[in-house]
Peer 1: 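Have a look at this one before I ask anything.
Note that the coordinates shown come from a computational prediction; the quantities given were computed from them, not determined experimentally.
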Amino acid sequence: MRFLSPLILAATLTGCASDLPPRDPQQAWVELHAQLPSQTLSASRLDGQRLRDGRFFQVPPGAHELVVRYTFERSGGGSGGGMQPGSTPGDISCYLRVRYDGFTSGQRYRLEARPLAAKAQAWLYGEGRTPLARGEVLRCGPY
């Protein structure tokens, strides 16, 4: 019985960890979106500080630098992307930086990433899917 209580507590805490926190109306909310379900896009750093929760950004108004990690599967083959002939598919992770000066409190933004050969590209969108900033590739590799 002593082992059962810690297991129940751990399961309860894990279930709670999956919920997103409530949106703060005094901050801007940046949701992350990868092109395909098999790809992952996670928040890594905000203004140089490592984040504990990689599912979103919530930022005060003003200028900010967002760094994300985008992981996708590359196709095998002998052309493009710097792969050697006969190589197999594998995951590539890219770190991308997006800088934007005009975050507004209460606004919702969307950061999207998609593969581009053996690299990636990212865009920050505002309301109505207005493009606001383009991401810069910091590095890519099989991390």
Peer 1: W123: which other cluster members, linking ILVMFWY side chains closer than 4.5 Å, directly or transitively?
Peer 2: Y125
Peer 1: Taking all non-hydrogen atoms of both residues, which atom of L41 and which atom of A113 are closest, and how far apart?
Peer 2: CD1-CB, 3.9 Å
Peer 1: Can you name the side chain to side chain contact (heavy atoms under 4.5 Å, CB included) partners of Q39, sequence neighbours left out?
Peer 2: A34, Q35, L36, Y70, F72, P115
Peer 1: List the residues meeting side chain to side chain contact (heavy atoms under 4.5 Å, CB included) with T40, not counting sequence neighbours, and say none if there are none.
Peer 2: T71
Peer 1: Please collect all salt bridge (Lys or Arg N to Asp or Glu O under 4.0 Å) contacts where either partner lies in residues 30-51, sequence neighbours excluded, each pair once.
Peer 2: E31-R108, E31-R110
Peer 1: Please enumerate all residues that pass side chain to side chain contact (heavy atoms under 4.5 Å, CB included) together with S105, with sequence neighbours excluded.
Peer 2: P61
Peer 1: List the atom pairs, donor and acceptor, that lie under 3.5 Å between side-chain atoms in residues 94-102 and the rest of the protein, sequence neighbours left out.
Peer 2:
unit_1, atom_1, unit_2, atom_2, d
Y95, OH, R69, NH1, 3.4
R97, NE, E136, OE1, 3.3
R97, NH2, E136, OE1, 2.9
R97, NH2, E136, OE2, 3.1
R99, NE, E65, OE1, 2.9
R99, NH2, E65, OE1, 3.1

Peer 1: Could you note down all residue pairs passing disulfide bond (SG atoms under 2.5 Å apart) where residues 27-57 supplies at least one of them, sequence neighbours left out?
Peer 2: none
Peer 1: Considering only residues two or more places apart or on different chains, which pairs with a residue in residues 116-126 satisfy salt bridge (Lys or Arg N to Asp or Glu O under 4.0 Å)?
Peer 2: none
Peer 1: Considering only residues two or more places apart or on different chains, which pairs with a residue in residues 41-68 satisfy ring-ring contact (aromatic ring centres under 6.0 Å, His included)?
Peer 2: W29-F56, H64-F103
Peer 1: Are the side chain of Q58 and the backbone of D24 linked by a donor-acceptor contact shorter than 3.5 Å?
Peer 2: yes
Peer 1: Looking at every heavy atom in both V137 and A120, which two are closest together, and how far apart are they?
Peer 2: CG2-O, 3.1 Å
Peer 1: Are S44 and V68 close enough that some pair of their side-chain heavy atoms sits under 4.5 Å apart?
Peer 2: no
Peer 1: Hey, could you give me each pair passing disulfide bond (SG atoms under 2.5 Å apart) that has a residue in residues 29-59? Not counting sequence neighbours.
Peer 2: none
Peer 1: Dump the intermediate steps for side chain to side chain contact (heavy atoms under 4.5 Å, CB included) on L66 and V59, then the final yes or no.
Peer 2: CA-CA 10 Å; L66 315 175; V59 300; 4.3 Å; yes
Peer 1: Hey, can you pull the donor-acceptor pairs under 3.5 Å for the side chains in residues 127-135, sequence neighbours left out?
Peer 2:
unit_1, atom_1, unit_2, atom_2, d
R129, NH1, E112, OE1, 3.4
R129, NH1, E112, OE2, 2.4
R129, NH2, E112, OE1, 3.3
T130, OG1, E127, O, 3.0

Peer 1: For L111 and A122, work out which heavy atoms get closest and say how close.
Peer 2: CD1-CB, 4.4 Å
